[in-house]
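Below you'll find the structure, written out as structure tokens, and then a few comments.
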Amino acid sequence: MGSLFDTEQQSSSAARSPHRRRFLILLPCALLGLFVLALREHPISPHLFPLSSHNTPHPISTLIAQAAEQHRQRLTEKSTSLAEATELYRRRTGRLPPRGFDSWYHASRARGVCNLDRFDEMQKSLKMWWAVSPAEVRGRIDLLDRWGLGGKVAVRSGKVLEWKDMVSLGVSKGKDRASERNPFRLGWAEVLRGIEEDWRETLPDVDFIVNGLDEPRVLMDWSLRTELERLADLGQVRPMNNETPSFQAYRENGPSPFETIRRACPPSSLARLADVPKNLGSNPIISQEYTTSFTTPEGFIFDHAAERESWCSQPDLMQLHASYIHPINMHTSNGHGPWPIFSNSKLPGYSDILIPAWFYYDDHVHYDPSDDRSWEDKSSKLFWRGSNTGGVSQELNWIGWQRSRIVSLLNRPFHWHNLTTLLLSTPSSPPTSLSTTLPSSAVNEVLTDVAFSSVDQFGNPSSLEKQKNSPSFRFTGRQPFADNYGAKAVLDVDGTAFSGRFLTLMRSRSAVVKSRMYVEAWTEETLVPWFHYVPLSVRYSEVYSLLGYFFGVRDVLDKLVSLGEGLGWREMRKAEKAGSHEEELRMIAERGSQWARECGRKEDMESYAWLLALEWARLCSDERESMGFVL
């Protein structure tokens, strides 16, 4: 009998024998049936993105090269003189920089501050305030102070006032002692005192209302914010509005958090039009349907900022982040406003004005180089430890939380027989793509060490118990933070708001793999994804391919052999051809660490704060139109 793969012989024999012809017809059907049975026993994770064909450049190598060019281009665009900086400021914002810009520029440049030209987030936050009269801005600050909706920080005659001095001088009318001691308020006052004492510079008279919560506060209807920005572009100011503050806490029987937040989206957006299920988070669907504007066809992030900025076009996010499902604190304005509240971070859609986080400025999570290891002594793994913070646990809503999903994904038990398809690469230069399918549990055990340190503390007891007993959750107890430094790749994800450990991880000799929805103040304009850190989407669809590209799968194959798990010769041969790219990961780690040393200093935070103070003082002044800096 000839080989079944010998087409010519099959055709000849089949023509001579009707029984043989029937056999050849039935054989594919039988094989198909066996394949279906095999899928039932060994389910393959759905292909969430098309995989590149063999011999095409691997997307990650292309993204790294593009990031290097983007960083080089940014360096060439940096101003080299006050005149250039002034012109760049005018070109980017449409107006002159604020009075005092010259002192700010020279002092910042003398201290080696990284960012002297790019303040997109700051200007975006402040733009609508140009359509509000200075008197109304000041009135709104006073109302927030009176109502205790934030902690006040005031500067008078170049000095940051103590709380008791604000009260005695009548600068603050708030009587809330909790606001006085709030770490967010104290942290912002400390940043401003750093300018006053260390830089020996004079700040303008100005008042700030600082958010005392981790979560942002200011939500505005899309139509209102859009109208204010339109007026600002025209150089017009709206009529005085004397409304009083109206902030509402989330209620269990009211609209869901996502329904409240999406009011910041255009009425015709997918987020506004989407149906919102009652049990948000309990059945999250991972899809690439809404990601084409910021991911490659294979699912890798090419524009990390766009993932956040296009949130109104991604209705599935309502099931993928604790802040959209059930945040710990949600006490937001009711869509009216605007209200001048300064916060440490925010979700896209919120209108808070961002300031450098006190958690960073205070060096709350300290990096000690003596706790770190050399690259060679680190394990080829992705590491993360933390608690499942960020939300209030009700029934099964925690399934969709960002930390729940990544821990569950990277701790699938072997007996689930779950398979995942990885886009690997050859060791050639440039690397080309190849795909293979491997048991995800084997990849998890060999290439990851991701687990919870403790059980979540907020929510219904029965729901918390379900978290504790989830078969794909792993709990290790509290560990020293320095354990992060034992791995070549460290994961950073949102918690209750922004991740306060990010700057510390960037200072280390490990490469940071970052997934986030929260926006921060001063880091946005100097960080370049794929150059300083590895971006990971909030859907985590590409995490296995990331691991396979940088670490390879040789050790995974050895693990499967030791367990007696067969792959099939085709998959084994493909996987054996894959290479690792740890050197590229090491370079990202080194560039990230250099960024933290050069751009993540107190001086960089103080410089940002000083410029923000100059801009805010101008917006609060009746002479704002004449307070531009002119050479």
Side-chain angles (χ1 to χ4, degrees), residues 31-32 34-49 51-54 58 60 286 298-300 378-384 405-428 431-451 470-474 476 486-489 491 513 534 536 540-585:
L31 291 174
L32 178 61
L34 290 172
F35 179 67
V36 171
L37 288 173
L39 280 180
R40 291 179 62 185
E41 287 296 316
H42 303 279
I44 299 178
S45 297
H47 290 178
L48 300 175
F49 42 81
L51 295 176
S52 298
S53 59
H54 189 58
H58 196 283
I60 291 181
I286 306 299
E298 302 81 12
F300 299 104
K378 295 174 184 284
S379 64
S380 297
K381 285 178 178 282
L382 175 69
F383 182 92
W384 183 83
R405 290 187 294 106
I406 193 65
V407 171
S408 177
L409 179 65
L410 300 183
N411 285 280
R412 290 170 172 171
F414 272 92
H415 67 265
W416 283 8
H417 301 294
N418 191 277
L419 303 179
T420 189
T421 300
L422 293 79
L423 185 64
L424 305 174
S425 77
T426 62
S428 59
T432 57
S433 302
L434 60 93
S435 63
T436 190
T437 301
L438 298 172
S440 57
S441 53
V443 180
N444 291 342
E445 182 165 328
V446 174
L447 299 183
T448 75
D449 185 359
V450 172
S470 173
S472 59
F473 277 6
R474 182 163 64 95
T476 63
K488 291 179 178 176
L491 180 65
V513 178
V534 178
L536 175 66
Y540 309 138
S541 308
E542 76 280 28
V543 65
Y544 286 118
S545 293
L546 282 177
L547 296 170
Y549 178 85
F550 287 117
F551 296 135
V553 294
R554 174 64 61 181
D555 291 343
V556 178
L557 300 181
D558 291 343
K559 178 69 177 180
L560 290 172
V561 170
S562 71
L563 294 173
E565 294 278 343
L567 268 186
W569 68 273
R570 288 183 183 276
E571 294 299 326
M572 184 66 79
R573 284 188 63 185
K574 283 196 294 182
E576 287 175 343
K577 293 178 182 178
S580 64
H581 300 275
E582 290 196 7
E583 180 61 18
E584 291 179 51
L585 189 64

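- For Phe473, the ring-ring contact (aromatic ring centres under 6.0 Å, His included) criterion is met by Trp398, Phe452, not counting sequence neighbours.
- Scanning both residues, Ser425 and His581, for their nearest heavy atoms gives OG-NE2, 2.5 Å.
- The side-chain hydrogen bond (donor to acceptor under 3.5 Å, both in side chains) test applied to Ser408 returns Ser472, not counting sequence neighbours.
- Looking only at distances, no side-chain donor or acceptor of Glu542 sits under 3.5 Å from a matching main-chain atom of Phe300.
- The minimum heavy-atom distance linking Pro471 with Pro413 is given by the pair O-CG, 3.7 Å.
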Name each donor-acceptor pair under 3.5 Å that joins a side chain in residues 550-561 to protein atoms two or more places apart or in another chain, with its distance.
residue	atom	partner	partner atom	Å
Arg554	NH2	Glu576	O	3.4
Lys559	NZ	Glu445	OE2	2.7

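- From Asn418, atom CG reaches atom CG of Leu409 across 8.5 Å, with rounding to the nearest 0.5 Å.
- Evaluation of the salt bridge (Lys or Arg N to Asp or Glu O under 4.0 Å) rule for Arg474 yields Asp449 as partners, not counting sequence neighbours.
- In this structure Ser580 satisfies the side-chain hydrogen bond (donor to acceptor under 3.5 Å, both in side chains) test with no other residue, sequence neighbours excluded.
- Here Tyr549 contributes atom OH and Ile60 contributes atom CD1; the two are 6.0 Å apart, rounded to the nearest 0.5 Å.
- The side-chain contact (heavy atoms from CB on, under 4.5 Å) with Leu434 is formed by just one residue from the set Leu422, Thr426, Leu423; it is Thr426.
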*Could you give me the CA-CA distance, side-chain angles and deciding distance for Leu536 and Leu491, then say whether side-chain contact (heavy atoms from CB on, under 4.5 Å) is met?*
CA-CA 9 Å; Leu536 175 66; Leu491 180 65; 3.9 Å; yes
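- Judged by distance alone, the side chain of Lys381 and the main-chain N or O of Val446 form a donor-acceptor pair under 3.5 Å.
- Residues Phe414 and Leu563 form a side-chain contact, since some pair of their non-hydrogen atoms from C-beta on lies under 4.5 Å apart.
- Remark: Ser379 engages no residue in a side-chain hydrogen bond (donor to acceptor under 3.5 Å, both in side chains) (not counting sequence neighbours).
- Shown here are the side-chain hydrogen bond (donor to acceptor under 3.5 Å, both in side chains) partners of Ser441, two or more places apart in sequence or in another chain: there are none.
- Rounded to the nearest 0.5 Å, atoms CD (Glu571) and OG (Ser435) are 7.5 Å apart.
- For the atom pair Tyr544 OH and Thr437 OG1, the distance stands at 13.0 Å (nearest 0.5 Å).
- Among residue pairs with one or both ends in residues 413-428, none qualify as salt bridge (charged side-chain N to carboxylate O under 4.0 Å, His left out); sequence neighbours excluded.
- Separating the NE2 atom in His415 from the NE2 atom in His417 is a distance of 8.0 Å, to the nearest 0.5 Å.
- The structure places CG of Leu547 at 5.5 Å from CG of Leu447, a figure rounded to the nearest 0.5 Å.
- No donor-acceptor contact under 3.5 angstrom links the side chains of Ser545 and Glu298, judged on distance only.
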*Does the pair Leu546 and Leu382 meet the rule for a side-chain contact (heavy atoms from CB on, under 4.5 Å), with working shown?*
CA-CA 10 Å; Leu546 282 177; Leu382 175 69; over 6 Å; no
